[in-house]
Amino acid sequence: MAYDHKAIEEKWQARWESERIFEVAADEAIPKFYNLCMYPYPSGALHQGHVRNYTFGDLLTRYKTMAGFNVLSPLGWDSFGLPAENAAIETGVHPKENTEAQIATMTRQVKQLGAMYDWTRELASHSEEYYRWDQWLFLQLFEQGLAYKREALVNWCPRDQTVLANEQVVDGHCERCGAEVERRNLAQWFFKITDYTERLLEDIDTLDEWPERVRTMQRNWIGRSQGASFALQVADTDHSFEVFTTRPDTIFGMTFAVLSPEHHLVEELIAGTEQEAEARAYIRKAGSSSDVERMANTDKTGVFIGHHAVNPVDSRSVPIYIADYVLMGYGTGAIMAVPGQDQRDWEFATKYGIEIIRTVQPPDDFDGDAYTGDGVTINSGFLDGLEREGAIAAIIEWLEAKNIGEGTVQYRLRDWLISRQRYWGSPIPVVNCDGCGMVPVPEDQLPVVLPHILDYAPKGRSPLAAVDEWVNTTCPACGGEARRETDTMDTFVDSSWYFFRFTDPRNAEQIFDPRAASYWMPVDQYIGGVEHAVLHLLYARFITKVLFDMGLSTVKEPFARLFTQGMITLDGAKMSKSKGNVVDPLDLFESHGADALRLYHLFMGPPTDDAAWDTNGVDGTLRFLDRLWRVVTETDRFDESADASELVADAHRAVKKVTEDIDNFHFNTAVPPLMTVTNDLVDQARSGISREAFVEVTEILMKLLSPMAPHIAHELWELSGHETILAREPWPVWDPEMIERASVTMVVQVDGKLRDRIEVEADIAAADAERLALSAEKIQTWIEGKEIRKVIVREPNLVNIVVG
RNA sequence: GCCCGGGUGGCGGAACGGUAGACGCGAGGGGCUUAAACCCCCUUGGGCCGAUUCGGCCCGUGUGGGUUCGAUUCCCACCCCGGGCACCA
């Protein structure tokens, strides 16, 4: 009977489902393990990235289940969002229909992989029963002042016709579609993530099971800088403006000041000056160039605006410029410029002939421009002679004493812009009333149902705005005429709390039962792509902290252990449909089977690394499975006198190795022991093996293989006469005595170079090892006539003889 | 520029500071076969030496140093590749 992967895989997928093996309930008596892969966008086609993700996830689900844990492994769909809407605009099929058809397709494909989930917990963010809790969450944030609407300069994607969060702008381009983003002044909804900045930053330190890379990226994104802010008086006026600097110790070196062209004071200051026309032209030009252009142009440009600022420490007047290298979005949008210690200021000063004063003594061999390193403070009055830290402390004390400024901290992190001018998302549950203003929709009126419409093409405002019968409503406060908010929420809102919902997915009364969450949370293992290092993972941490503050969550951090998988490459490029270099997993299910494909993904390299695809590798894992199949199903003659003790011992060693490797996420090295034991079993079966040894070795192989290639493992388990389901069997344990070796190969080195190998008893005494090594024939030729200075003995593995 | 990773055979990759190259792919040779596929066996880092089927030596983990009896592994400097961040004051 040949190995028929197709028939076997279909059979067992049906069995697992009907046996409901992976449906779980909270049970305090059993240790829990919440295992989660980032819920996918239902694109309609499983690709190798999904396969890799779910193979790792399913391996853990099955392994931890066999190891005795109560394993929660749910799957759901990140089903709101632009791709569905854009596809719908192209095909004319409504996003809801399209999305639901794609969910059905992908569900089938995920099941074909043999990945098991508790499907009773399936959720989809576009369903009313899900997004009503998005809206509920919004209302809680609104009540706490954490959701607010304000006019702001925001990122606008001209192709997707919607605003974007800062996190969704990559190098000045839309993260989704790649279009160059524009700046627009619009009234938008924000979540006040900046209230949580310090906590988000501090708690990164507690995430010691996260990749360092991701922790660093989050720290960088939050971008904490410590320094001082203080007021600069504009000479001969009543105006002053705040500046922020990380180097207040260099204040005596300020030879000019710069305002961002968008700074609120600019308009008033330039009015009526000689420089007004020139300044206005500059502001217009700066305002019309995109961020991409501003980034590309690193040449410093600016205009003197005809006013001076007074340096508080020495009352010197310095010219004020406007220049676009000072960004309105960071700090106060204004700086004291110290060309001696800042390269950007240096370039500007050099270009416009402004004085440069060094206030930090550079080393003698320094020949650069601005000196940003440490050194003794010079040319700085009462700060002279102090090192950086002392000087900073002294000047802050001085500023505070004079009530001019103070030590402050600035962050790069901005509030999270969550409103979108698109259709396929959760409507923001707010009503605008002429009399009452912005009124939140009462909780008992949720959900605000997304109306089914036919024209959802983007027009620069939400398509919902055109649906009069939906927009026009009554004010929940006064009963008068009112209009609904027409923006929808960023889909990252949906994904920032779905892992809580999985703990209690059918709750119609609450977002989730805090008791369910307290049993299952935190997610013990979270698996997904590193592209979410900042976006989703930061938002999810923020919302978790909000839920914690509300008493709904017992954890401050949602994901205890994070695992980011590498991507699949082909011919050096990321495998993707747009590059046309995909190898379709569905074809491989047919030709090689899900088991061989899964095994290849595990085997191809370290799971965190990018991996180069090679279909020949799947041929290899299929060959291995076929060989295992044949030896298990075709061995029918046994020799009870044969000695297979070494093979059995190797099987036990494999148990140890595989167990430890899975625990350490070294999946690629967990596969080879199965291959070598199988190969040795084939040899042993050929030369003679007892039935007992054969059964012990094959049972170990099936159990170890069960999380990796579950279908064939289950089938062989059944064919071997077991009535039980392998997935419910306990994980094997190794016999520590059995894996001990009676004899080992001892390496003998002379001066660290390998010169001989000697078989020795494993429990050889150090003295015996040394004597044996020194008397070995081959060693004699190396040490003859030489003085033996030292002998290092690491019995029973190694002896190193050091000669003169 | 700053911050993370990473440089090992033809390829993917293994190696608690202790036998470098496990396992797999590819390649070469052989067996089975009328033939091919499948399958099975052998070889496979480079160079050299001796020899009746076996053995031996030298070199070799990006480069140069260092620590150590011993370094792919630890330390320092440098080079290259990948990724992230960046007029962030």
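Sequence lines set the chain letters: A, B, ... in the order given, protein chains first and strands last, and positions in each chain run from 1.
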Pick the [atom1] atom in [N] and in [M], then give their distance to the nearest Å.
| N | M | atom1 | value |
| --- | --- | --- | --- |
| G6(B) | C87(B) | C1' | 30 Å |
| A14(B) | U72(B) | C1' | 11 Å |
| A36(B) | G31(B) | P | 11 Å |
| G7(B) | C78(B) | C1' | 14 Å |

State the dot-bracket string of RNA chain B. Criteria: Watson-Crick or G-U wobble, both atom distances under 3.5 angstrom; notation: ( ) intrastrand, [ ] crossing earlier pairs, | interstrand, . unpaired.
(((((((..(((.....[....)))((((((.......))))))((((((...))))))..(((((..]....))))))))))))....
Indicate, yes or no, whether a donor-acceptor pair under 3.5 Å links the base of G1(B) to the side chain of Q343(A).
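Absent.
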Find the distance L622(A):CG to C23(B):P and express it as a whole number of Å.
20 Å
Quick test of your reading of the model: are K753(A) and D751(A) salt-bridged, counting only N-O distances below 4.0 Å?
no
Electrostatic pair E347(A)-K351(A), nearest N-O below 4.0 angstrom
no
Row check, W782(A) ring normal vs R755(A) NZ/CZ: under 6.0 Å, within 45°
yes
Ring-plane angle category for W416(A) and Y539(A), please: parallel below 30°, perpendicular beyond 60°, tilted otherwise.
parallel
Which class fits the ring pair Y325(A) and F348(A): parallel under 30°, tilted 30 to 60°, perpendicular over 60°?
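Rings of Y325(A) and F348(A): tilted, as their planes differ by 30° to 60°.
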When syn is taken as a glycosidic angle within 90 degrees of 0, is G9(B) syn or anti?
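Syn, which is what one calls it when the glycosidic angle falls within 90° of 0.
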Side chain to side chain donor-acceptor pair (under 3.5 Å), that's the test. Do Q218(A) and R541(A) meet it? Break it down for me.
CA-CA 11 Å; Q218(A) 292 222 350; R541(A) 293 182 60 223; 2.7 Å; yes
For the side chain of Y330(A), starting at C-beta, report the closest nucleotide among C57(B), C88(B), G84(B).
C88(B)
